[in-house]
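First the structure, in the form of structure tokens, and then the observations on it.
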There are 2 protein chains.
Amino acid sequence: MRSAALRRTTPGRKDATHERIVGAAARAIRRSGYGGTGVAEIMKDAGLTHGGFYAHFASREAAEGLAALERVAGAAAPRRALPALLRAYLSRAHVEGVETGCAVAALGSEMPRQAPGVRRAATRRIKEMIDLVARQSPDWGRPGAHQHALVTVATMVGALVLARAVDDPQLSDAVREAALEHLTP
Amino acid sequence: MRSAALRRTTPGRKDATHERIVGAAARAIRRSGYGGTGVAEIMKDAGLTHGGFYAHFASREAAEGLAALERVAGAAAPRRALPALLRAYLSRAHVEGVETGCAVAALGSEMPRQAPGVRRAATRRIKEMIDLVARQSPDWGRPGAHQHALVTVATMVGALVLARAVDDPQLSDAVREAALEHLTP
DNA sequence: AAAGCTATATGATGACCATCATATGCGCTC
DNA sequence: GAGCGCATATGATGGTCATCATATAGCTTT
């Protein structure tokens with residue numbers, strides 16, 4: 001059906017498809033939420049059909065646990081300094097790019113009702129995000145630096161959630177910009 | 001079936017039931033999310049059965065739009081001064097009381113994919129929350145006060161979302177307390 | 001106190017979805 | 001270059017859920 005992209009049995013190719021499915025699941029879940037994402041949607045996103053899903057995962061839940069572990073653009077990517085990270089995190093592009101952006105903001109309020117495995121993965125991601133911010137903070141090492149990172153992350157996530165939730169573009173921009181100015185000295 | 005609570009046709013009683021259903025829907029939605037809340041769950045919460053739902057609402061979506069408008073404890077309630085409001089909002093009780101707490105934190109990351117009516121209602125709630133904080137801020141009226149309120153609300157919501165998302169009680173408390181100390185001077 | 005109006009209950013229907021059994025067809029091996 | 005093994009596709013099945021048609025029962029009016 002597809003041309004060259006779809007070798008069938010070459011050793012190691014299954015793993016590639018597997019990762020493609022996980023990536024598609026991560027995107028679909030951020031787009032449609034945990035409950036709203038069906039197996040069919042995930043597989044269509046990966047360019048496959050729903051039946052083949054179970055050659056890779058035991059159940060939908062298993063896949064969602066993994067997908068939560070998927071690399072999170074906003075949380076893990078940039079090694080730049082804090083101001084640049086903040087500008088990227090609080091950019092209009094990130095507000096509009098729910099599907100590929102920070103999963104903590106996209107799924108945060110759904111976490112309390114997720115399966116334990118999913119919550120564990122989310123907790124790990126959140127800790128990574130806090131550590132990332134803490135290490136890039138100017139007073140890294142001083143007392144209170146960790147607390148300060150907690151607050152910074154809370155403000156980042158809260159501002160992104162609000163800027164996305166609201167259907168008023170002016171308010172959305174105002175939230176982003178107020179948070180950005182507050183956080184960048 | 002029930003004893004005295006269930007008069008059938010007394011004028012005005014339908015409205016009371018109606019409000020009971022809206023309240024039940026608001027709780028159920030905060031508990032189970034927008035997609036995860038079924039008509040049966042809402043009606044059971046209201047002490048009725050699923051069929052009667054359609055005597056009150058045209059569809060599930062219609063009810064959900066209304067439920068989003070429902071008064072939100074954390075967002076609309078207290079007229080006290082800012083520090084008291086913050087202590088309540090960032091209390092452990094509020095972290096644990098998803099069902100009756102702030103709907104913005106409980107549903108924020110689900111908002112981008114909701115129906116227009118729901119988003120409009122959410123936007124109004126968020127604006128009310130911002131105004132509430134702005135009015136109670138000590139520098140109410142001075143330039144920048146509104147921007148400052150935006151940041152305060154973002155930090156409040158973000159901290160609550162994170163404290164609830166995480167499955168590590170210590171981290172949950174740390175986020176709450178760091179945000180609280182940062183916001184109360 | 002009987003009849004009628006109307007709020008709620010019961011049960012049916014059709015859609016959607018996760019899961020699984022089985023079919024198909026691509027490359028690798030000989 | 002023919003057959004075989006394995007990844008993916010197809011189609012079936014059972015469960016869940018929203019919606020609706022119809023049944024029931026309590027208040028109200030006379």
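So you know, we letter chains A, B, ... as the sequences are listed, proteins then strands, and number each from 1. The structure presented is a predicted model; accordingly, all values stated were derived computationally and were not measured. Computed over heavy atoms, backbone and side chain alike; hydrogens, waters and symmetry mates excluded.
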Rounded to the nearest Å, what distance is computed from the CD1 atom of residue A:I21 to the P atom of nucleotide D:dA7?
12 Å
Pick base, sugar-phosphate or nothing for A:H50, based on heavy-atom distances below 4.0 Å to the nucleic acid.
base
All N/O contacts under 3.5 Å from nucleotides 13-16 of chain D to the protein, with atom names and distances to one decimal?
none

More than 12 foreign heavy atoms under 6.0 Å from NE2 of A:H56: is that the case here?
yes
Ignoring backbone atoms, establish whether B:H18 has a side-chain N or O less than 4.0 Å from OP1 or OP2 of C:dA7.
no
For atom NZ of A:K44 and atom C1' of D:dT10, their distance in whole Å
17 Å
Could you give the NE2-to-C1' distance, from B:H56 to D:dT19, as a whole number of Å?
16 Å
B:E64 CD to D:dT19 C1', straight-line distance once rounded to whole Å:
14 Å
Is the phosphate of C:dT8 approached by B:T17 (side-chain N or O, under 4.0 Å from OP1 or OP2)?
yes
How long is the line joining OH of A:Y34 and C1' of C:dC17, in whole Å?
19 Å
Would B:R30 and B:E99 pass as an ion pair if we require N to O under 4.0 Å?
no
Give a yes/no answer on whether the side chain of B:Y54 brings an N or O atom under 4.0 Å of OP1 or OP2 in D:dC20.
no
Mind checking B:G51 for me? I need base, sugar-phosphate or nothing, with any heavy atom below 4.0 Å counting as a touch.
base
Atom pair distance, as rounded to whole Å: CZ in B:F57 and P in C:dT8
11 Å
Atom-to-atom span, CG of A:L48 to P of D:dT10 - whole angstrom
11 Å
For A:T123 and B:D168, test the side chains for any donor-to-acceptor distance below 3.5 angstrom and give the result as yes or no.
no
A:M43 atom CE is separated from C:dA18 atom P, nearest whole Å, by 12 Å
Ranking D:dT8, D:dA18, C:dT19 by distance to the side chain of A:S59, first place goes to C:dT19
Using only heavy-atom distances, determine whether the side chains of A:S109 and B:E110 contain a donor-acceptor pair under 3.5 Å.
no
Are the charged groups of A:R164 and A:E96 less than 4.0 angstrom apart, N to O?
no
Which residues satisfy the ring pair (Phe, Tyr, Trp, His ring centres under 6.0 Å) test with A:H146, sequence neighbours excluded?
none
What I want to find out is whether A:R125 reaches A:E128 closely enough, with some N-O distance under 4.0 Å, to be called a salt bridge.
yes
State which of C:dT19, D:dT8, D:dT19 makes the closest approach to the side chain of B:R60.
D:dT19
